[in-house]
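The figures that follow rest on heavy atoms only: side chains count, while hydrogens, waters and symmetry mates do not.
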There are 2 protein chains.
Amino acid sequence: MTDTFIDHVNFNQDGLVAAIAQDAKTGRILMMAWMNAEALALTVERGEAVYFSRSRQKLWHKGESSGHSQKVKEIRLDCDGDMICLQVEQLGGIACHTGRESCLYRVLRKGEWQITDDVLKDPSEMYQ
Amino acid sequence: MTDTFIDHVNFNQDGLVAAIAQDAKTGRILMMAWMNAEALALTVERGEAVYFSRSRQKLWHKGESSGHSQKVKEIRLDCDGDMICLQVEQLGGIACHTGRESCLYRVLRKGEWQITDDVLKDPSEMYQ
């Protein structure tokens, strides 16, 4: 038996590893989600991001409802194996469920979180 | 009583929030660590990254041993409040305890994690 790339990932007690999606062109961090071993294997197999939804406790093929899937250009693993970083092409230019490009649309200024990003698409139109 | 920016952070059952450090100039993701409320408050107060070490169960002022501290240029919070992103200037150009620029020094190619980054400084020289 030889080990696979999955064996080098240090999944936590819930069987999950943190996964960051970064826009391959701009370098902007789009979102963080979680993967189990199956989600990671499917991500590699399909070339599209598949996460594990902790709230729904099931695999979540990003974009399955919204169409905003993520084509994966590169996958990296950190030194202690508990973080994956995906370089992605974000279809539709929207990663966040609020209809914004990135989930990181709030910046700390003068002690308050200020919204810096416009909503590009109404969420009610994204999940039909 | 008014709420503070800390109150908008969605700490997990261990009182921690994931924190990503991204190089403010190059956009490269350097590392992921964790913060409790005190670490986040100190990060803002000092303008330098302070994390919470899960292995040592105490505050960890990044660079306190190695000198490789992180000057914080910007702090963002994600949509569901469970991820912080720091834009940083990485002193010494080394974020990883292995002596590399980034903890994400392994890339998946042909089913194997391949090392892409050189060790810039011997770890035995970093922690004296």
Side-chain angles (χ1 to χ4, degrees), chain A residues 2-9 12 17-23 25-34 40-41 43-44 54-55 72-87 95-100 102-117, chain B residues 2-9 12 17-23 25-34 40-41 43-44 54-55 72-87 95-100 102-117:
Chain A
T2 55
D3 60 0
T4 72
F5 70 93
I6 299 277
D7 299 318
H8 293 262
V9 179
N12 67 16
V17 63
I20 307 295
Q22 183 176 27
D23 187 293
K25 283 193 178 165
T26 67
R28 185 168 190 188
I29 299 175
L30 300 174
M31 58 180 283
M32 183 178 93
W34 296 83
L40 177 56
T43 295
V44 173
R54 293 178 302 172
S55 57
V72 175
K73 306 296 184 182
E74 187 184 87
I75 303 179
R76 284 183 178 267
L77 181 66
D78 79 347
C79 53
D80 50 6
D82 65 358
M83 192 251 284
I84 296 274
C85 183
L86 308 176
Q87 295 290 326
C96 185
H97 75 288
T98 65
R100 294 178 175 89
S102 164
C103 295
L104 291 157
Y105 57 81
R106 292 183 285 182
V107 67
L108 189 62
R109 286 186 191 139
K110 298 179 183 174
E112 291 184 359
W113 298 109
Q114 297 188 1
I115 294 177
T116 56
D117 284 52
Chain B
T2 54
D3 60 359
T4 73
F5 71 92
I6 299 277
D7 298 319
H8 293 262
V9 179
N12 67 15
V17 63
I20 308 294
Q22 183 176 27
D23 187 293
K25 282 193 180 164
T26 67
R28 185 168 192 189
I29 299 175
L30 300 174
M31 59 180 283
M32 183 178 94
W34 297 83
L40 177 55
T43 295
V44 174
R54 293 178 302 171
S55 58
V72 175
K73 305 296 184 182
E74 187 184 87
I75 303 178
R76 284 183 178 268
L77 181 65
D78 79 347
C79 52
D80 52 4
D82 65 358
M83 192 251 284
I84 296 274
C85 182
L86 307 177
Q87 295 290 327
C96 185
H97 75 287
T98 64
R100 295 178 175 89
S102 164
C103 295
L104 292 156
Y105 58 80
R106 292 184 285 182
V107 68
L108 189 62
R109 287 186 192 139
K110 299 179 183 173
E112 291 184 359
W113 299 109
Q114 297 189 359
I115 295 177
T116 56
D117 284 52

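Neither the backbone nor the side chain of Asp7(B) comes within contact range of chain A, judged by heavy atoms closer than 4.5 Å. Heavy atoms closer than 4.5 Å to chain A are found nowhere in Val72(B), neither backbone nor side chain. Within the 4.5 angstrom heavy-atom criterion, no atom of Asp23(A) approaches chain B. Looking at Thr116(A), the atoms closer than 4.5 Å to chain B (heavy atoms on both sides) all sit in the side chain, from C-beta outward.
Remark: Glu74(B) engages Arg76(B) in a salt bridge (charged side-chain N to carboxylate O under 4.0 Å, His left out) (not counting sequence neighbours). Here Asp80(B) pairs with Asp78(B), Asp82(B) under the side chain to side chain contact (heavy atoms under 4.5 Å, CB included) rule; sequence neighbours left out.
The nearest pair of heavy atoms linking Trp113(B) to Phe5(A) is NE1-O, 2.9 Å. Between Met32(B) and Ala18(A) the shortest heavy-atom distance is CE-CB, 3.7 Å. When every heavy atom of Gln22(B) is checked against every heavy atom of Gln22(A), the shortest pair comes out as NE2-NE2, 3.4 Å.
Of the inter-residue distances, the one linking His8(A) atom NE2 with Glu112(B) atom CD reads 8.0 Å to the nearest 0.5 angstrom. Summarising the geometry, atom SG belonging to Cys85(B) is positioned 3.5 Å from atom CD1 belonging to Ile29(A); distances are rounded to the nearest 0.5 Å.
At least one side-chain heavy atom of His97(A) sits under 4.5 Å from a side-chain heavy atom of Cys79(B).
Put simply, of Val107(B), Leu108(B), Ile75(B), Leu77(B), the one with the most heavy-atom pairs under 4.5 Å next to chain A is Leu77(B). The residue among Gly27(B), Ser102(B), Cys96(B), Cys103(B) with the most heavy atom pairs within less than 4.5 Å of chain A is Cys103(B).
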